[in-house]
Q: 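Dropping a structure here in structure tokens format, bear with me for questions.
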There are 2 protein chains.
Amino acid sequence: MSPASPSPVPSPALSPALSPTLTSPEPFVLDDMVCFALHSASRAFGSVYRSVLRDLGLTYPQYLVMLVLWERDDVPVKRIGEQLRLDTGTVSPLLKRLEAAGLIRRERSAEDERSVTVRLTDEGCALRAGAAEVPGRIAEATGLTLAEVTDLRERLHRLTAKLDAADLPE
Amino acid sequence: MSPASPSPVPSPALSPALSPTLTSPEPFVLDDMVCFALHSASRAFGSVYRSVLRDLGLTYPQYLVMLVLWERDDVPVKRIGEQLRLDTGTVSPLLKRLEAAGLIRRERSAEDERSVTVRLTDEGCALRAGAAEVPGRIAEATGLTLAEVTDLRERLHRLTAKLDAADLPE
DNA sequence: GGCAACTAAGTTGTGCACAACTAAGTTGTG
DNA sequence: CACAACTTAGTTGTGCACAACTTAGTTGCC
């Protein structure tokens, strides 16, 4: 059985939701639901990107790494992790797979032997042309106007920053 | 090395982003960025939930399943997958872990032997009291007003629906 | 110079997400 | 009745995400 991917049931998303027992009446539950909505939207995007990126042989996280490299080649691993907000435990195997696919190479930096520099192969460069139509197809799938996209992105950045700040020591 | 979790660098999120080569000027890239922003926000939420749920011994997806069951016990596996928008390949092992933790039981339905019904154990019921303060702590972490939460949730639902519709056959 | 503190990358182990598949039960139709 | 089509759970394999840890190299400070 496939996921509820292209959702057969619109899913009332935790319908009336957790009834109020020990907590105050209502508003609180909405915060669970906004996280759920975020989670869902993120996965729905993932599904669309999966379709669009299939021909390129990339997953979405791999595509993000390629975006970073297409914008500026010759980047240390650390910087990739920072830009994509990913742990080394995620980035290392991700880069290993991209290397195995022949799209990038990794070389120890000469001036700092701790650092590893990531570089595009010719094949990795060439893939850029094939990826040219990706953003357009995604834009089409969202059906959002430029203003809506900008606004949503801004809200999400503020939310992320707020959550990060709240998640420090407690 | 830990992730960029409580983000040490605010990360300009693919800074100027993929420069325009073969595609038209600018707007397109924003759609990549909105997905990235979504992805980031979702993971930032995950990090906060991880902190808050640690005492309960639950992950966020496990907490979602418990929410469904606390609202209405005695639910078939299929319904859990629909409500949470998850594949059986995700739900099955997830339920297996909750069962191993002693929070739920699974029983073959009598009237339809294909179906499996999920039921809370006493321990699973009891956990509800411990979870009472979760939504409040999350709400606090977001720093959003009720109106903002409602609006954001609504936008995300519309976006998800649109993406689902676009991801069918093409 | 020597050594503690730090930094960069990688590894290990756990859990989520999904595609593709299997097994078992149910339903519809001739 | 019989059998194809469908439905429900579950399994297998791959990849992402992160905590906790390891290894190797650098820097600061005495």
Side-chain angles (χ1 to χ4, degrees), chain A residues 1-6 8 39-40 42-51 53-54 57-65 75-82 84-101 106-118 167, chain B residues 1-6 8 39-40 42-51 53-54 57-65 75-82 84-101 106-118 167:
Chain A
M1 184 206 228
S2 237
S5 43
H39 196 68
S40 286
S42 180
R43 281 155 47 215
F45 247 127
S47 181
V48 173
Y49 269 105
R50 216 182 329 280
S51 302
L53 293 175
R54 182 165 301 131
L58 294 175
T59 64
Y60 179 63
Q62 289 167 7
Y63 170 70
L64 288 179
V65 170
V75 178
V77 170
K78 177 180 169 52
R79 218 165 112 73
I80 293 179
E82 279 169 4
L84 302 186
R85 207 195 149 72
L86 291 172
D87 196 329
T88 59
T90 302
V91 172
S92 281
L94 211 170
L95 293 176
K96 199 188 280 189
R97 283 185 284 271
L98 285 174
E99 190 167 39
R106 283 186 290 177
E107 299 164 11
R108 282 272 154 205
S109 161
E111 65 269 21
D112 186 344
E113 293 258 329
R114 289 170 304 181
S115 179
V116 168
T117 297
V118 181
D167 193 35
Chain B
M1 187 208 225
S2 240
S5 45
H39 196 67
S40 286
S42 180
R43 279 155 48 214
F45 247 126
S47 181
V48 173
Y49 269 104
R50 216 181 327 281
S51 303
L53 294 175
R54 183 165 300 131
L58 294 175
T59 64
Y60 179 63
Q62 289 167 7
Y63 170 71
L64 288 179
V65 171
V75 179
V77 169
K78 178 179 168 51
R79 218 166 111 74
I80 293 180
E82 279 170 5
L84 303 184
R85 208 194 149 74
L86 291 171
D87 196 329
T88 60
T90 301
V91 171
S92 281
L94 210 170
L95 293 176
K96 199 188 280 188
R97 283 185 284 272
L98 285 175
E99 189 166 39
R106 282 186 289 179
E107 299 164 12
R108 281 275 155 203
S109 163
E111 65 269 19
D112 186 344
E113 294 256 330
R114 289 170 304 182
S115 179
V116 168
T117 296
V118 182
D167 192 33

Q: Of the nucleotides dG25(D), dA9(C), dC18(C), which has the atom closest to the Arg114(A) side chain?
A: dG25(D)
Q: Figure out the CD/C1' separation between Glu113(B) and dT27(C), and round it to whole Å.
A: 16 Å
Q: Counting only N and O atoms by type, is there a donor-acceptor contact under 3.5 Å from the side chain of Arg43(B) to the main-chain atoms of Arg85(A)?
A: yes
Q: Which heavy atom of Gly57(A) sits nearest a heavy atom of Gln62(A), and at what distance?
A: O-OE1, 3.9 Å
Q: With a cut-off of less than 4.0 Å, is there a side-chain N or O of Arg106(B) near OP1 or OP2 of dA9(D)?
A: no
Q: It should be established whether Ser92(B) places a side-chain nitrogen or oxygen under 4.0 Å from OP1 or OP2 of nucleotide dT11(D).
A: no
Q: From the list dA17(D), dC18(C), dA9(D), which nucleotide is the closest neighbour of the side chain of Arg50(A)?
A: dC18(C)
Q: Closest heavy-atom contact between Pro61(B) and Leu94(B)?
A: CB-CD1, 3.9 Å
Q: I want to check one thing: is the phosphate of dA9(D), taken as OP1 and OP2, less than 4.0 Å away from some side-chain N or O of Ser115(B)?
A: yes
Q: Return the nearest nucleotide to the side chain of Val77(A); candidates are dG25(D), dT11(C), dA9(C).
A: dA9(C)
Q: Of the listed nucleotides (dA9(D), dG15(D), dA17(D)), which one gets closest to any side-chain atom of Thr59(A)?
A: dG15(D)
Q: Under 3.5 Å for both distances, Watson-Crick or G-U wobble, that's the pair rule; now give the dot-bracket for DNA chain C, with | marking pairs to another strand and [ ] for crossing ones.
A: ||||||||||||||||||||||||||||||
Q: Reckon Lys96(A) has a side-chain N or O less than 4.0 Å from the OP1 or OP2 of dG15(D)?
A: no
Q: Report the nucleotide, chosen from dG10(D), dA17(C), dA19(C), that has the shortest atom-to-atom distance to any side-chain atom of Val116(B).
A: dG10(D)
Q: Please determine, for the side chain of Thr88(A), which listed nucleotide (dA17(C), dA9(C), dT11(D)) has the closest atom?
A: dA9(C)
